Each structure stands twice: as C-alpha cells, then as structure tokens.
Amino acid sequence: MRMSKLFSRTLREAPNGADSKGYEYLLRAGFIRQLGAGVFNLLPLGFRAVTKIETIIREEMDRIGGQEILMPLVNPADVWKETGRYYSIDREMSRFKDRVGRDMVLAMTHEEVVTDLARTEIDSYKRMPLLVYQIQTKWRDDPRPRAGLIRVREFTMKDSYSFDVDEAGLDEQYRAHYTAYFRIFGRTGLPVIVVGADSGMMGGKVSHEYMYLSPIGEDTIITCPACHYTANRQVASFKKSYHKAEMKEMEKVFTPETKTIDELVDYLKIDKKQTAKSVFMVGTFIDDTNGEEQSKLIVGVVRGDLEVEENKLQNAARANALRPAHPEEIAAMGMVAGYGSAIGAKEGILVIVDDSVAESNNLVAGANEWEHHYLNTNFGRDYQGTVADIASAQAGFACPVCSAPLSASKGIEVGNIFQLGTRYSEAMDCYYQDIDSTRKPVIMGSYGIGVGRLLASLAEEYCDDLGLALPITVAPMQVHLVSLVKESETVDQLYEELTAAGIDVLYDDRKESAGVKFADADLIGLPIRITVGNRSLKEGKVEVKVRSNLDETLSFDLSTVVSETQALIGRLVAEIEARIEEREWDGSL
RNA sequence: CGGGGCGUAGCCUAGUGGCUAUGGCGCCUGCUUUGGGAGCAGGAUAUCGAAGGUUCGAGUCCUUUCGCCCCGACCA
C-alpha cells in the first residue's frame, strides 16, 4: 500500500474523549474513526489488523475441528421467546417489528439460532461431536459504551458452539477451547490470564473468562499470589473467620446517629465483626415462559466487616436483575433504612444471609426502629433466611485454597468459555436419539472472543510515547518503507520486490519532510521500518529498525533486502510464538 | 436511567452581551526545502450542534432538544 493513496490520515492531536493511550493512538494513527456512541468505523489499517486477528482465530478454531458458518444478525423473535431470553434480557437487546408486524430482534449472541439449526441437523448420536463457529457482527445496546473499542455496542465477535452426547464430550470440547484460546491470544501477543467466572445470562455452570490485566479494565480479578487461585470478583470466594460464642439474650438499645456501620461501632465501641449489615435491594424476577415480571424486596445480610457482592446476591436470590431499594420501598415493608435488619421481615421478603453471619453469634443488627439496634442477634433464632456466600472478596482477604492474602487487579474480558449443558437444547427441543434409542437433549457449550476488544487491548499493551508498536502477527502491515530520496525509482523498485515476495508493505512515498514521515511511522508503529535515504544509499545499503527497539539500527545490503527482511519477519514471529502458553484445563474453576 | 462535563472549520483551540468570530495544525496555489512533525508568499473552509426565547444587539444569558465524554447503575 502506498501511503500517498492511503484512505486514512494521521492526526497530530488526539480528538476529545480519547482518554487511554491505546484508544488515542488507534484514532490518531488512523485505524478507527467513531461514528456514534459505541459505534466505530474500521479504516484500512484497523481493518487489516482485525483481519489478521481473525485469521489467527480461524486457524486455531479449525485446528480443534471447528466449521465456520455465518448466522444472521436479524432474528425472528420466536426463537428468543422459546428460551425465554426475549423476556429476561432487558433493553440491551434491540427489538423491532418487520413490515407485517412480526417481532424481530438484533441478535446479541447466537445460542438460540444455533440451537434451532442443530435441532434440524442433529438427530443421532452418530453426528456428534460437532463444533461450529462464526465471526460476526453483534449488536448489544449497552447503556454505557466507553473507552473506544473496549466497550462498544456494535462489535465483531467470534462465537463457537459445541454439541455433544454427554458431559465427557462437552468437557473435551471445553478443554480444546481452553487451550486454543491461549494459543490465539498468545499468537496475537496479548498476555492473558484465565479466571473462574459467573455464567450470567448465558445459563450453565462451568465458565472461564480470559482477562487482559490493565488499569483501564472494568472487571476486578481476585488472584492468589501463592497458589493458582484466580476468579472474577463477581464469583471469587475467600476464607472467612467466624465469631462463635454462646448465644445471649437479644436486647434493644438506643443508638443515636448510627446509620452506618462505622458510626455504630464507634458508638458501641465494638469491632465491625460483631455487627450484621443489611443491604436492601429490589430484585426483578421474570417468568421465562411468558415474560411476566415480579419484584421482590431482598435483604442481603453480611457481617459488618464485609461488603455485599451484588452479583453473588443476585445469583443466590435467582433474580434476573437487582437494584438498590428506594427508602420508600424499604419503609413500605416496615423496615427502617439505616437501622434495618432481617429481624421481623414480613412475608414476601427474600432474606439472604452470608455464612459469615449465619456462623457467627451475638451480632449487633438494626432494630427496624429509628435510632435503635439489637444486641446479640442470632441467625436461626431471631430471623430466618437462605444462607449463601454473598460477600465480596477484597485484596488482603484469605485465599479459599491456601489462605494466603489475595490480591486484586483490573482486567478486560477478551474471551469467555461456557459449559451450557442442556439449558438451550431442552428449552428448544434439540434432542438426538442415542444408541439405546432414547431421546436425549444435546449437550452444548458456547465460546466467545471479542475481536475489536482484542485489538484495543493489544493497542493498550503495545504502545509507547510515540505511538503503537503492535506485534508483527497482528500489525496491519509488516514493513514500513520510508523513502527519503528524491529519485524514487530505486525505492519504487524495492517496494515492488518486497511486495512480490509476499511481504505486507506500507510505502511512504509522500512528498513530506523526513520528520513527518518518521513521526507517522512511529505513530502507526509497523514492526519493521526500512528507511531509504541518501546517507546509506550511496553505500548500497538501507537502514532497518524494529519498532519495539528504535535505539538499534540494522543495515541491510540493497541487493539482499528481501531475504534479510524475510528472515527478520521470521525472527519476530518466532519471538511471539515462543511465548505461546500451551495450557490445559486442570478441571478447576 | 441518575450525577457531572462538553458541543465554535477535518483536528485542537480563543471567546465571560458590543465592530466583519481567534490562533495553531491540516487543506489548496506558487516558490523553496528533504535524516525527526521545515521556511516564505497567497488562498479556501464555520448556517458557533438544533429550535425557541430575552435583548437595540446573543457563540456568550434563559428554555427546550439532540449529540458526545466521564462517574454511577448496567454489562457476554
């Protein structure tokens, strides 16, 4: 590609709103342009980078037996009604009617459509295992797109779906993806860790997320530096200590101006561990069969030294959605915000108690009376409810496996794998006939990678003060050929030779000053830069720099540039491939 | 959906009721220059996001609305 013909231009200044380095450079270097909130154009450079990522994904999916298909973005709502997700997913899924009034949706994932396909294609155990995948546009009307390509509404996703006769088969395909994903991220050069995850709206049980650790990430990942425990905070557990004692008589005391736990322990001169904290939420419960909604007040109780993890609470309550309760809603149920507890909870209120509270005795809790608390409350004796782990894991807490202090970091989810089981096959009547003639639901898995998010993560990881420095496996071109000579014939010829040898070249043939060309080359950051200038040309040489190490200058002989460049490309690719983690799932979450 | 911020040319930006809306980059023409965002001369490009209002006069004040960004709720 000749730079004089390149569609995009570089920008000297970052457009407003580009608040991370990776995003700023993707804009400035001309990889992407924004059209609207969470909606982006891919320009030639960005599109080429994405294409390279997709090629890697295709190769690795094909390696584990995947067959590429393409499912439609626009779906009739019927299949989504069959699984109930038409009702249970909020406005994140866009709906519309076609010209004759049929309900339609823009697909945000494809479990429904692929299950519909499978129920007609798969009728016998002999047809499985099967694996299909697609690389396709998804639309999710996210309420809060942000950070460039990190969190968008329209995006490209690789999603694959596995079909098996039994759990063992699913396990095998899950393992294959587990390993393939490490290979995919490894080949792109993105460092990732795998964490145990919540299965969220997808249903199913076993699930992992692939996280690129970055301060601009939105997920909090809990890791144990001592053993290998890692999990998304949404599901991370930790070892709790309990406050066991002989149960004492409950006693109501006057506690003025003690709406918070801090004020309470200050006033009573006790430890936070001796208190029980109640969090009031309103849960929405949606009937999957008809979409009828029901709201319920949920009281989550954790010990005062802990925080409620809302995701855990939502799962424990089996609610579709959760939001903080308004003071009026709390009052309507006869409870007092700031001085509330599960004691005296009315019928219809869902009480979920963390085991830290259930296993501790004589905790101070709200009396549901203005400026009053109870001393010595005990779960089971003074109030009832469901016991679950709903506490949020924090840095410093004890690892659930080895008790070492946990640490917390921020991460971007670039991939996920789910064992769906029979959630969709049962709901959509996707059954096969087994060897013993019985009808059984197909066992499914689903596996995703956000392609654009992967590029954005790579841009964050591979940049410096001058611009991008993407790995050679994903950079839009391999070589940036910079011409600093007036007589262009020699360079034109070199460009032709490199291209003819199958090398991707961006040829800066513009009539710009050397400074402009170098600055643009730094910004776009192609991995290999070949500079042709009078300085070295008179000795029959060209200068070569690797973008990731601009301090070092190599010199290639003009007659052997092509072969030397090919060797350098091979070396850079090998460097990345040497870092690929060949990892297998050990069966843990 | 709640809270905050911002919309002036392709990008960045000045402007605090008063003359023909500022400057830089970029763009066009000519000359010059070619190893780190060069120089000179000339030029084009803005219905100041939109609508309504206040005023003798509005980019500036008020109302409404649209868009974008940030924080929160949310999120595979």
Side-chain angles (χ1 to χ4, degrees), chain A residues 8-20 23-24 27-28 30 33-40 85 89-93 107-111 138-148 150-153 155 157-159 197-204 207-211 216-219 232 234 281-282 284 310-311 314 320-326 412-418 420 446-451 453 466-467 482-488 508 510-523 529 531-537 542-543 545 550 553:
Chain A
S8 59
R9 293 195 303 182
T10 55
L11 303 174
R12 291 205 187 184
E13 282 171 288
N16 273 326
D19 50 358
S20 76
Y23 180 26
E24 176 188 331
L27 283 167
R28 284 185 50 206
R33 292 286 182 257
Q34 184 170 18
L35 178 63
V39 180
F40 285 84
R85 289 209 290 183
I89 295 174
D90 201 24
R91 286 180 306 178
E92 194 176 344
M93 180 160 70
M108 42 191 288
T109 175
H110 279 82
E111 281 77 13
K138 301 276 185 278
W139 170 260
R140 296 186 187 178
D141 196 358
D142 193 298
R144 179 145 146 64
R146 59 172 283 275
I150 297 290
R151 193 169 148 180
V152 291
R153 296 195 292 171
F155 58 101
M157 179 168 164
K158 186 288 298 180
D159 43 332
D198 181 42
S199 41
M201 72 167 189
M202 306 296 288
S207 159
H208 287 92
E209 290 169 341
Y210 289 75
M211 292 283 181
I216 68 165
E218 295 186 280
D219 287 279
N232 195 310
Q234 294 180 328
M281 308 289 289
V282 172
T284 309
E310 283 187 23
N311 187 71
Q314 182 175 330
N320 292 83
L322 222 54
R323 62 165 172 82
H326 303 303
I412 299 167
E413 182 192 340
V414 287
N416 52 48
I417 53 179
F418 291 99
L420 295 174
S446 95
Y447 318 84
I449 290 178
V451 178
R453 188 179 276 187
L466 299 173
V482 180
S483 168
L484 297 182
V485 295
K486 252 188 206 152
E487 277 305 315
S488 64
D508 195 345
R510 298 173 302 169
K511 296 190 195 329
E512 292 287 351
S513 71
V516 169
K517 291 185 174 184
F518 285 135
D520 279 347
D522 292 338
L523 180 59
R529 178 182 318 166
T531 307
V532 184
N534 291 319
R535 197 193 274 172
S536 55
L537 197 57
V542 296
E543 284 160 52
K545 277 179 191 280
L550 290 175
T553 305

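The structure displayed is predicted, hence computed values, not measured ones. Here is how names work: the chains are called A, B, and so on, in the same order as the sequence lines, proteins then strands, and each is numbered from 1.
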- Query: Touch check for Gln34(A), heavy atoms < 4.0 angstrom, all strands: base, sugar-phosphate only, or nothing?
  - Reply: sugar-phosphate

- Return the set of residues passing ring pair (Phe, Tyr, Trp, His ring centres under 6.0 Å) with Tyr447(A) (not counting sequence neighbours), or none when no residue passes. His177(A)

- Of the listed G35(B), U34(B), G37(B), the closest approach to the Glu543(A) side chain comes from G35(B)

- Item | Paired nucleotide for G52(B) [Watson-Crick or G-U wobble; both distances under 3.5 Å] | C62(B)

- Item | For A9(B), the Watson-Crick or wobble partner whose two distances fall under 3.5 Å | none

- Reckon Gly533(A) touches a base, only the sugar-phosphate, or nothing at all at heavy-atom distances under 4.0 Å? base

- Message: Rounding to an integer number of Å, can you tell me how far Glu512(A) CD sits from G39(B) C1'?
- Response: 14 Å

- Donor-acceptor under 3.5 Å (Arg9(A) side chain, Gly30(A) main chain): no

- Message: Of the listed nucleotides (C71(B), G36(B), G35(B)), which one gets closest to any side-chain atom of Arg146(A)?
- Response: C71(B)

- Message: Side chain of Ser536(A), heavy atoms from C-beta onward: which of G35(B), G37(B), A76(B) has the nearest atom to it?
- Response: G35(B)

- If you look at every strand shown and take non-hydrogen atoms under 4.0 Å, does Asp159(A) touch a base, only sugar-phosphate, or nothing? nothing

- Report the nucleotide, chosen from U34(B), G37(B), G35(B), that has the shortest atom-to-atom distance to any side-chain atom of Ala514(A). G35(B)

- Residue matched to G72(B) through Watson-Crick or wobble contacts both under 3.5 angstrom: C1(B)

- As its Watson-Crick or G-U partner within any shown strand, both distances under 3.5 Å, G35(B) has none

- Message: Once you apply a heavy-atom cut-off of 4.0 Å, does Gln314(A) come out as touching a base, just sugar-phosphate, or nothing?
- Response: nothing

- For Val542(A), enumerate each residue passing the side chain to side chain contact (heavy atoms under 4.5 Å, CB included) test, keeping only those at least two apart in sequence or located in another chain. Leu494(A), Ile530(A), Val532(A), Val544(A), Phe556(A), Leu558(A), Val561(A)

- Note on the structure: The side chain to side chain contact (heavy atoms under 4.5 Å, CB included) partners of Ser488(A) (sequence neighbours excluded) come to Asp492(A), Tyr507(A)

- Heavy-atom donor-acceptor pair, Lys517(A) side chain to Ser483(A) backbone, under 3.5 Å: yes

- Using a heavy-atom cut-off of under 4.0 Å over every strand shown, decide if Tyr23(A) touches base, sugar-phosphate, or nothing. nothing

- Query: If every non-hydrogen atom of Asn416(A) is compared with every non-hydrogen atom of Tyr210(A), which pair is closest and at what distance?
  - Reply: N-CD1, 4.5 Å

- Expressed in whole Å, how much space separates the C1' atoms belonging to A76(B) and C61(B)? 47 Å

- Would you mind classifying the nucleic acid contact of Ala147(A) as base, sugar-phosphate or nothing, using non-hydrogen atoms under 4.0 angstrom? sugar-phosphate

- Task: Go through the structure and list residues passing side chain to side chain contact (heavy atoms under 4.5 Å, CB included) with Arg144(A), not counting sequence neighbours.
- Result: Asp142(A), Arg146(A), Arg151(A)

- Query: If the sugar-phosphate is the primed atoms plus P, OP1 and OP2 and the base is the rest, what is the B/S/- string for nucleotides 2-11 of chain B, using protein heavy atoms under 4.0 Å?
  - Reply: ---------S

- Where the side chain of Phe155(A) is defined as all heavy atoms beyond and including C-beta, which of G36(B), A38(B), A76(B) is the nearest nucleotide? A76(B)

- Task: Would you mind classifying the nucleic acid contact of Gly36(A) as base, sugar-phosphate or nothing, using non-hydrogen atoms under 4.0 angstrom?
- Result: sugar-phosphate

- Should A14(B) form a Watson-Crick or G-U wobble pair with both distances under 3.5 Å, which nucleotide is its partner? none

- Judged by nearest nucleotide, the residue sitting upstream toward the 5' end of RNA chain B, Arg453(A) or Val485(A), is Val485(A)

- Message: Closest-nucleotide mapping onto RNA chain B: is Leu523(A) or Asp142(A) further toward the 5' terminus? I mean the 5' end.
- Response: Leu523(A)

- Would you please name every residue forming a salt bridge (charged side-chain N to carboxylate O under 4.0 Å, His left out) with Glu24(A), sequence neighbours left out? Arg28(A)

- A21(B) -> Watson-Crick or G-U wobble partner, both distances under 3.5 Å, gives none

- Query: The side chain of Arg91(A) lies closest to which of these nucleotides: G37(B), G35(B), C1(B)?
  - Reply: C1(B)

- Once you apply the 3.5 Å cut-off to both distances, tell me the Watson-Crick or G-U wobble partner of G30(B), or none. C40(B)

